[in-house]
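Residue indices begin at 1 and follow the sequence shown. What you see is a predicted model, and the numbers here were worked out from it, not measured in a lab.
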Amino acid sequence: MHATSIGAPLAVGTRIDPGADAGLFASLPRSDQRLKAERYVAGLLTAHGRRTLRNVAGQFGAEVARRQSVHHFISESSWDWEPVRGELARRAEELLAPAAWVVRSAVVPKAGGHSVGVAEYYVPRLGRTVTGQQSFGAWLAGTAAAVPVHWRLVLPDGAAGEPGPRGRGPLPPAGVPAGPEGSAGELVLRAARSLPAGARPRPVVLDAPELGPLRMARHAERAGIRLVQRVGAGLVLGVDPSVLPGHGGLPVPAGLVVGTLRRLWRPCGRRAAGGGRGLSMAVPVTLPGAARGAERLLVAQWPESDLSAARLWLADGRLGAAEVLRLSALASAAEREEALAVQRVGLRDFTGRSFGGWHRHITLASAAHLACVRARAGGAYGSGRAFGRGAAAGGPPPAPEGAGGAGVRLLRAG
């Protein structure tokens with residue numbers, strides 16, 4: 001592999017180093033399937049333009065039979081993506097020494113109802129609904145990079161439960177959670193539990209302010225997960241009257257809490273999202289409807305010149321303000337990595353109608369992104385602690401033009 005600087009484009013022709021990734025697809029039952037998986041990842045890394053099935057298949061050769069074979073391998077085959085994701089997590093763990101899981105949401109506009117999971121979803125940053133696919137990804141995140149591992153495609157109510165072994169064909173198998181909150185909650189639990197036996201669950205950073213914090217907190221509490229969720233300024237919270245007098249102890253919007261308690265504002269140790277000096281604050285709060293005594297911590301960070309750009313995080317009360325700020329920085333790193341993966345390996349480019357096809361494409365695109373991250377690290381597989389911590393001085397990869405924004409990400413149409 002070519003060793004490149006963090007954030008630099010990969011050279012055309014870059015492929016997964018077979019010495020580093022031998023065995024990533026060992027769970028696939030047939031040798032021809034394992035070879036196709038490796039070739040598909042290579043196709044994602046070398047194709048020009050959007051990484052549609054047709055475009056990726058073109059990297060295999062011009063023969064119609066080969067293109068049909070690629071389509072069958074992704075959309076109609078029966079190989080299981082979950083074991084591949086498990087091995088992907090293990091390799092990302094070794095490479096990054098990650099500090100947390102970051103769970104992110106995105107909506108890909110779709111023009112019609114012929115793709116699985118298409119429905120109308122509200123996009124907070126646009127202030128309107130969009131017809132398309134919504135999904136959630138769980139990223140293992142370190143200070144310098146992040147790799148996506150687990151995925152959930154949101155299914156409208158009534159879409160699940162149809163027949164289809166292992167997601168073969170256009171319909172999802174029974175037992176798949178429906179709706180954004182059900183999908184995100186199941187993914188949070190899946191990610192947090194995918195650790196070696198006896199290991200302490202990592203914190204989960206949920207960068208999805210459109211989801212109900214109370215329901216997400218209940219998911220996390222039942223599993224003993226320390227959850228940090230990004231929330232909107234309008235979320236009402238309880239604040240001790242001695243800390244915020246004049247409101248009669250009634251719940252107040254989080255944005256009002258931040259704007260009012262100026263005495264709690266502190267210089268932030270890191271630059272704000274837009275550059276320049278940043279400010280932060282933290283205050284203990286309660287979430288209306290939560291169990292008595294379940295205290296949480298509201299943490300905000302913003303550029304000194306623009307309080308309206310504040311990012312607000314509602315955290316498990318066992319976490320301190322400094323740790324929450326460190327975890328929020330991991331969310332920013334995952335945000336930049338997602339933008340890179342969309343551009344470089346076609347993370348969101350699947351255009352088929354198959355539930356299983358969507359999962360297989362995005363799993364192999366995640367493997368391709370792992371190759372990109374390793375290339376930025378100089379191909380040093382197994383030296384994760386040096387990359388995950390020592391590379392922090394150089395900072396995470398720069399965001400491509402157009403990256404960023406609040407709430408659900410609206411990505412280009414697939």
Side-chain angles (χ1 to χ4, degrees), residues 6-8 92 96 98-108 121 123-126 134-152 180 184 187-188 191 202-211 216 227-232 268 270-276 278 280 299-303 306 309-315 324-348 362 365-366 369-370 372-373 376 388 391-392 394-412:
I6 290 181
L96 300 178
W101 288 97
V102 176
V103 173
R104 295 175 46 75
S105 63
V107 169
V108 178
Y121 299 104
V123 180
R125 69 175 295 190
L126 298 180
Q134 182 175 11
S135 62
F136 292 90
W139 297 65
L140 274 173
T143 54
V147 171
V149 175
H150 299 294
W151 294 94
R152 291 296 179 269
L187 182 60
V188 165
R202 282 197 181 87
V204 174
V205 182
L206 179 57
D207 192 357
E210 72 278 9
L211 300 180
M216 294 298 103
L227 180 68
V228 178
Q229 182 179 353
R230 189 172 169 190
V231 297
C268 188
R270 57 177 58 88
R271 291 191 306 167
S280 66
V299 178
Q301 183 183 12
W302 65 96
D306 188 6
R311 288 195 173 192
L312 280 58
W313 301 90
L314 188 64
V324 174
L325 288 173
R326 285 194 296 270
L327 292 171
S328 70
L330 298 181
S332 297
E335 181 176 4
R336 287 185 285 268
E337 291 284 345
E338 181 179 66
L340 291 171
V342 166
Q343 290 186 357
R344 294 180 182 170
V345 299
L347 190 69
R348 305 287 182 179
I362 209 162
S366 299
H369 184 68
L370 175 65
C372 294
V373 171
R376 297 203 310 259
E401 184 178 353
V408 178
R409 264 58 56 182
L410 180 67
L411 302 177
R412 68 187 183 203

Sequence-distant partners of A300, side chain to side chain contact (heavy atoms under 4.5 Å, CB included), two or more places apart | V258, M281, W302, L312

Taken in chain and number order and not counting sequence neighbours, the residues that satisfy side chain to side chain contact (heavy atoms under 4.5 Å, CB included) with A331 are V102, V205, D207, W313

List the atom of [X], the atom of [Y], and the distance in Å for their closest heavy-atom pair.
| X | Y | value |
| --- | --- | --- |
| A92 | L140 | CB-CD1, 4.0 Å |
| R202 | P98 | NE-O, 3.1 Å |
| L330 | A100 | CD1-CB, 3.8 Å |
| A309 | P303 | CB-CD, 3.9 Å |
| H369 | V147 | CD2-CA, 4.2 Å |
| A208 | Q229 | O-NE2, 3.2 Å |

Sub-4.5 Å side-chain heavy-atom contact between Q134 and S105 | yes

Among V231, L314, L211, whose side chain to side chain contact (heavy atoms under 4.5 Å, CB included) with L206 holds?
-> L211

Please assess W151 against L347 for the test side-chain contact (heavy atoms from CB on, under 4.5 Å), listing each intermediate value before the final yes or no.
-> CA-CA 11 Å; W151 294 94; L347 190 69; 3.8 Å; yes

Please test V228 against V299 for side-chain contact (heavy atoms from CB on, under 4.5 Å), starting from the C-alpha separation and ending with a verdict.
-> CA-CA 10 Å; V228 178; V299 178; over 6 Å; no

Rounded to the nearest 0.5 Å, what separation is found between the CG atom of L325 and the OG atom of S280?
-> 5.0 Å

Any chance you could measure R311, atom CZ, to S328, atom OG, to the nearest 0.5 Å?
-> 8.5 Å

Are L340 and C372 close enough, and set up right, to give a side-chain contact (heavy atoms from CB on, under 4.5 Å), and what steps lead you there?
-> CA-CA 10 Å; L340 291 171; C372 294; over 6 Å; no

Indicate the ring-plane relationship of W101 and H150, choosing parallel, tilted or perpendicular according to the 30° and 60° boundaries.
-> tilted

Could you walk me through whether Y121 and E210 pass side-chain contact (heavy atoms from CB on, under 4.5 Å), step by step?
-> CA-CA 10 Å; Y121 299 104; E210 72 278 9; over 6 Å; no

Salt-bridge contact R230-E335 (side-chain N to carboxylate O under 4.0 Å) | no

Between R376 and E337, is the closest basic N to carboxylate O distance under 4.0 Å?
-> yes

